[in-house]
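Only one structure is covered here, and it is reproduced in the block below.
One-based numbering, in listed order, for ligands and for the atoms of each.
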Amino acid sequence: MTDEIRKITEKLIRRRALTVAEYERLLTERDAELYEILKAEAIRLRHRIYGNKIFIRGLIEISSFCKNDCFYCGIRRSNSNCERYRLTPEEILSCCENGYTLGFRTFVLQGGEDAFFGDDLLCELIKTIKEKYPDCAVTLSLGERSEDSYKRLFEAGADRYLLRHETADNGHYARLHPENMSFENRKNCLEVLKKTGYQTGCGMMVGSPFQTYKALAQDLKFIEEFQPDMCGIGPFISHKYTPFKSEKNGDAELTCFLLALVRIIKPDILLPATTALGTIAENGRKQAIEASANVVMPNLSPLDVRSKYSLYDNKLHSGSESADNLNSLKKAMKEIGYEIVCDRGDIIKQKEN
Ligand code: SAM
């Protein structure tokens, strides 16, 4: 580790902000010593705010229909091999009932951009969930919608919204998505979500095709400026029925390095140990927690649809990725010194991060 990298690291820890060029240098010149320093600081910060608590969310994958055609995604519109399904409101409520009994106090409704889930239906569903489980939070992850739609869903009771920005580099965004999608629009949706009052999450894939260290540095700058409440960071994993079928998968080590950096940029952030990380590395979840992740999102979807929500090849949905195995997750976390807590797990906002 050079003196200059040491100085940049000290500046990051002091100011929680760097230039894009400085972020890029940390990424390109990273070594084991730098990673250890960042991890220690990230863990210290997380501990100061959240102690040894790990929050859980029950993930319900409500639809594999999607009008979008993102080049990396297994449920993209053009994948005619994808088995499409959508859950009925009754099925979603039954997932919540099961989740509540297991101890989940946040339900994440995620899906492709499926017009079937219009505002009226979703508002009814959110209201019913909140009436039945007033002590629970509802998180939505349903892609780009209008400002009016985001408002209506918030007024119906949704608490949080996850919308990964995917990449903060316009040119890179254009190589991952068809022409009708843009980083500008994604960013605009994120601004609207925040302004509406949601706890808002962005995030990106690590190692997606054509990604450069500069693009990742721009992601870090975007996170620093946007100040999200949550940030989903997981490796890209190829899917056999997409244009990126032959592309290399992202890297677990770089993903964890970014988790630690993001924690230092925004100490109170909620950072999930993603399923994608668990899929590419055997102890991916443990590595993420040890790089300061503090959220896990086991799968609560009905068993018969889980393999159909195939975003990338070999996506995990059993074992401790399954909500039914919460006890084994609790045990695994306890073994490394952490405690799974059964509450909403809201962000604990720090005035001065
Ligand atoms: N439609 C919603 C949206 O666009 O935000 C939610 C569903 S979308 C499938 C959820 C996330 O899956 C995306 O934001 C993307 O980062 C991730 N994803 C999709 N394909 C992936 C792949 N091949 N490897 C890793 N992550 C992927």
Side-chain angles (χ1 to χ4, degrees), residues 57 59-79 82 84-86 108-117 122 139-145 149-150 153 160-168 172-173 176-178 180-183 185-187 189-190 192-193 198 200-211 216 219 228 230-252 254-255 258 272-281 284 297 299 301 305-306 308-317:
R57 284 63 168 105
L59 177 64
I60 308 171
E61 295 159 335
I62 66 172
S63 173
S64 68
F65 284 90
C66 191
K67 73 171 177 21
N68 286 334
D69 223 8
C70 309
F71 302 150
Y72 45 84
C73 186
I75 62 167
R76 67 197 300 265
R77 186 184 64 216
S78 298
N79 178 9
C82 173
R84 307 290 170 177
Y85 73 90
R86 59 173 67 96
V108 181
L109 310 189
Q110 191 185 84
E113 291 192 21
D114 178 0
F116 176 84
F117 285 98
L122 279 174
T139 304
L140 302 176
S141 178
L142 300 170
E144 297 177 8
R145 303 176 77 94
S149 168
Y150 287 145
L153 303 179
R160 312 187 186 122
Y161 206 104
L162 300 172
L163 183 73
R164 288 190 178 179
H165 65 279
E166 312 296 0
T167 171
H172 185 214
Y173 198 98
L176 300 181
H177 300 96
N180 64 332
M181 296 178 76
S182 70
F183 175 56
N185 195 42
R186 206 76 176 169
K187 200 162 64 174
C189 287
L190 283 163
V192 168
L193 288 165
Y198 287 96
T200 304
C202 63
M204 67 278 192
M205 287 177 289
V206 178
S208 58
F210 316 111
Q211 187 176 58
L216 278 174
D219 288 323
M230 309 167 281
C231 188
I233 303 176
F236 159 78
I237 304 176
S238 66
H239 186 289
K240 62 176 180 243
Y241 297 126
T242 65
F244 290 160
K245 60 175 183 269
S246 309
E247 298 289 339
K248 208 167 117 255
N249 290 344
D251 180 76
L254 180 56
T255 304
L258 285 156
T274 56
T275 305
L277 188 56
T279 301
I280 58 154
M297 299 171 57
N299 200 316
S301 309
V305 303
R306 286 190 196 173
K308 299 179 189 163
Y309 196 77
S310 169
L311 307 180
Y312 43 81
D313 291 338
N314 306 315
K315 179 169 160 276
L316 291 185
H317 46 73

Check this for me - ligand 1, A276, N or O atoms closer than 3.5 angstrom, yes or no? no
Does M205 reach ligand 1, in the sense of a heavy atom lying below 4.0 Å from it? yes
Sole candidate of T255, I233, L316, I237 that passes side-chain contact (heavy atoms from CB on, under 4.5 Å) when paired with L277: T255
Are Q110 and Y309 close enough that some pair of their side-chain heavy atoms sits under 4.5 Å apart? yes
Would you mind checking which non-hydrogen protein atom is closest to atom 12 (O) of ligand 1, with the distance to 0.1 Å? L311 CD1, 3.6 Å
Would a 4.0 Å cut-off, counted as strictly less than, catch a protein heavy atom around atom 9 (C) of ligand 1? yes
Decide whether the shortest distance between a heavy atom of Y309 and an atom of ligand 1 is less than 4.0 Å. yes
Which residue supplies the protein heavy atom nearest to atom 16 (O) of ligand 1, what is that atom called, and how far is it? E166 OE1, 2.8 Å
Could you check atom 20 (N) of ligand 1 against the protein and tell me its nearest heavy-atom contact, residue, atom and distance included? Y72 CD1, 3.4 Å
Quick note on ligand 1: atoms under 4.0 Å from a heavy atom of R186 include exactly 3 (C), 4 (O), 5 (O)
Non-hydrogen atom of P235 closer than 4.0 Å to ligand 1: yes
Trace of the side-chain contact (heavy atoms from CB on, under 4.5 Å) decision for F236 with Q211: CA-CA 10 Å; F236 159 78; Q211 187 176 58; over 6 Å; no
Salt bridge check, R186 against E144: does any charged N sit closer than 4.0 Å to a carboxylate O? yes
CZ of R84 to CG of D114: how many Å apart, nearest 0.5 Å? 9.5 Å
With respect to E61, which candidate in L311, N299, V305 satisfies the side-chain contact (heavy atoms from CB on, under 4.5 Å) definition? N299
For atom 17 (C) of ligand 1, what is the nearest protein heavy atom, given as residue, atom name and distance? R164 NH1, 3.9 Å
If the contact criterion is a heavy-atom separation under 4.0 Å, does G111 count as touching ligand 1? yes
Test your reading of the structure: does F236 have an N or O sitting under 3.5 Å from an N or O of ligand 1? no
Can you confirm whether or not the ring centre of Y150 sits under 6.0 Å from the ring centre of Y161? yes
Assess whether atom CG of N180 is packed by more than 12 heavy atoms of other residues, nucleotides or ligands within 6.0 Å. yes
Sub-4.0 Å atoms of ligand 1 with respect to non-hydrogen atoms of S141: 2 (C), 6 (C)
Specify whether H239 and Y241 have parallel, tilted or perpendicular ring planes, treating 30° as the upper limit for parallel and 60° as the lower limit for perpendicular. tilted
among protein heavy atoms, the one nearest atom 22 (C) of ligand 1 is I237 O, 3.5 Å
